[in-house]
Amino acid sequence: MNQPDTTPLLEARNLGFTYPRSRHKVFADFNLKLSPGHIYGLLGANGTGKSTLLYLLSGLLTPQKGCVSYGGTDVRRRLPATLADIFIVPDEFELPSVTLQQYVRSNSKFYPRFSQADMEAYLQVFGMTANEKLNALSLGQRKKIFMSFAMATHTRVLLMDEPTNGLDIPGKAQFRTFLTRGRSAESIFVVSTHQVKDIETVLDHVMVIDQTGIIADADMADICPSGHIDLEQFYNQTLKTQEDRHE
């Protein structure tokens with residue numbers, strides 16, 4: 001793979017966001033830059049806004065202040081070219097009462113780089129088929145189905161919120177393989193998770209956030225120069241350092 005481009009493709013500038021009827025500011029003057037060629041890990045405690053950030057990055061939520069831009073275009077404009085290049089896999093989601101084949105016929109047309117062959121390959125590894133009735137599946141099965149479709153869209157930006165929740169041990173291993181194989185010099189993968197052990201070996205960049213903003217932003221090579229990866233230890237140390245600064 002070619003060296004990653006260091007020019008930000010997806011950028012959040014001075015974001016301010018508060019949910020309606022809430023006094024709690026999720027973000028205030030929050031900034032973020034994501035460049036192609038990376039698999040980013042987004043870490044943070046409950047309530048720090050990880051899921052909210054993914055929805056803001058995808059244009060599904062509107063900030064009260066600032067903006068998110070993709071290739072210089074505000075994602076809230078919901079332009080077809082932008083929507084065709086950003087896919088989000090939420091932590092929890094419902095799927096319609098149709099087969100996967102029917103779902104693909106209705107939705108794949110919005111993603112010009114969608115590959116039926118790739119999706120079928122992912123499904124086969126997961127032990128699933130395109131004849132599955134989507135609303136009859138368990139959480140883990142829905143994750144496998146939806147992740148197979150998401151990876152097959154080949155969008156430049158793939159945002160994933162707790163993607164290993166509900167997956168069995170073999171499924172988690174296959175998910176890591178899919179991420180590694182699916183990445184390219186043009187892609188941005190963002191994985192938000194509490195289960196750092198599930199994904200630490202495939203990440204090449206880590207961001208830790210709290211209510212103040214990004215408190216750690218580092219390449220995995222800098223975090224683990226010896227090659228020994230313990231992302232949980234890095235995460236806990238980052239939080240402790242932040243707490244010490246505020247005492």
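What you see is a predicted model; the values in this text were computed from it and never measured. Counting begins at 1 with the first residue of the sequence.
Cluster membership for L79 and L61, using ILVMFWY side-chain heavy atoms within less than 4.5 angstrom, is not shared. Cluster membership check: M147 does not share its hydrophobic cluster with L139, using side-chain heavy-atom separations under 4.5 Å among Ile, Leu, Val, Met, Phe, Trp and Tyr. Follow the hydrophobic side-chain contacts under 4.5 Å out from V75 and you never reach L83; the two are in separate clusters. One hydrophobic cluster, built from ILVMFWY side chains closer than 4.5 Å, holds both Y55 and I86.
At least one side-chain heavy atom of L32 sits under 4.5 Å from a side-chain heavy atom of L57. At least one side-chain heavy atom of Y19 sits under 4.5 Å from a side-chain heavy atom of T52. Side chains of F17 and T62 form no contact here, defined as non-hydrogen atoms less than 4.5 Å apart. A 4.5 Å side-chain heavy-atom check between L123 and L100 finds at least one atom pair inside the cut-off. Within the 4.5 Å cutoff, the side chain of N135 has no heavy atoms near those of the E94 side chain. Counting only heavy atoms from C-beta outward, the side chains of R181 and T177 approach each other to under 4.5 Å. Looking at heavy atoms from C-beta onward, C67 lies out of side-chain contact with R76 at the 4.5 angstrom threshold. The shortest side-chain heavy-atom distance between L53 and V26 does not fall under the 4.5 Å cut-off.
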Working for side-chain contact (heavy atoms from CB on, under 4.5 Å), residues S115 and H154: CA-CA 8 Å; S115 169; H154 294 289; 4.0 Å; yes
Criterion side chain to side chain donor-acceptor pair (under 3.5 Å) on E120 and Q124, from CA distance to verdict: CA-CA 6 Å; E120 290 176 357; Q124 184 177 13; over 6 Å; no
Derivation of the side-chain contact (heavy atoms from CB on, under 4.5 Å) call for L56 and F27: CA-CA 11 Å; L56 288 165; F27 296 115; 3.9 Å; yes
Derivation of the side-chain contact (heavy atoms from CB on, under 4.5 Å) call for N131 and T99: CA-CA 6 Å; N131 293 317; T99 66; 5.7 Å; no
F234/L231 under side-chain contact (heavy atoms from CB on, under 4.5 Å): CA gap, chis, key distance, verdict: CA-CA 5 Å; F234 170 78; L231 192 54; 3.9 Å; yes
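Of the possible polar contacts, none joining the R156 side chain to the D85 backbone as a donor-acceptor pair under 3.5 Å is found. Between the side chain of D219 and the backbone N or O of D222, no donor-acceptor pair lies under 3.5 Å. A distance-only check finds a donor-acceptor pair linking the side chain of D204 to the backbone of I39 [under 3.5 Å]. In terms of modelled atom types and a separation under 3.5 Å, the side chain of E232 and the main chain of V196 share no donor-acceptor contact. Panel note: side chain S22, backbone T18; no donor-acceptor pair is recorded below 3.5 Å.
Between P163 and K143, the shortest heavy-atom distance links the atoms O-CD, 3.8 Å. Considering every non-hydrogen atom in both S58 and I88, the closest pair reads OG-CD1, 4.1 Å. A pairwise comparison of heavy atoms in L43 and K50 identifies C-CD, 3.6 Å as the closest pair. I214 and N31 get closest at one heavy-atom pair: CD1-O, 3.4 Å. Taking every heavy atom of both residues into account, M151 and Y122 meet most closely at CB-CE1, 3.3 Å. The shortest non-hydrogen separation linking A84 to T155 is O-CG2, 3.4 Å.
The number of heavy atoms from other shown groups lying within 6.0 Å of NZ (K172) is above 12. Counting heavy atoms of neighbouring residues, nucleotides and ligands inside a 6.0 Å radius, atom CD of Q101 exceeds 12 of them. The local environment of CD in Q116 is crowded, with over 12 non-hydrogen atoms from other residues, nucleotides or ligands closer than 6.0 Å.
Considering NZ of K240 and CD of Q237, their distance stands at 6.5 Å, rounded to 0.5 Å. Rounded to the nearest 0.5 Å, atoms CG (L10) and OH (Y70) are 8.5 Å apart. The NE2 atom of H205 lies 11.5 Å from the CD1 atom of I188; values are rounded to the nearest 0.5 Å. Note: F175 CZ to M160 CE = 5.0 Å, rounded to the nearest 0.5 Å. Taken from CD1 in I145 to OG in S138, the straight-line distance is 10.0 Å, to the nearest 0.5 Å. One distance of note links CZ of F30 with CG of N14; it measures 11.5 Å at 0.5 Å rounding.
Looking at D230 and K197, a side-chain N of the basic residue comes within less than 4.0 Å of a carboxylate O on the acidic one, giving a salt bridge. Looking at D118 and R113, no side-chain N of the basic residue comes within less than 4.0 Å of a carboxylate O on the acidic one, giving no salt bridge.
Ring-plane geometry between F146 and Y103 is classed as perpendicular, the angle between the planes exceeding 60 degrees on a 0 to 90 degree scale with a lower cut at 30. Relative orientation of the F149 and F114 rings is tilted, given thresholds of 30° and 60° on the angle between their planes.
Looking at R176, M220, R183 one by one, the single match for side chain to side chain contact (heavy atoms under 4.5 Å, CB included) with V202 turns out to be R176. For the pairing with L42, the side chain to side chain contact (heavy atoms under 4.5 Å, CB included) check across V191, D161, L54, T193 returns one residue only, L54.
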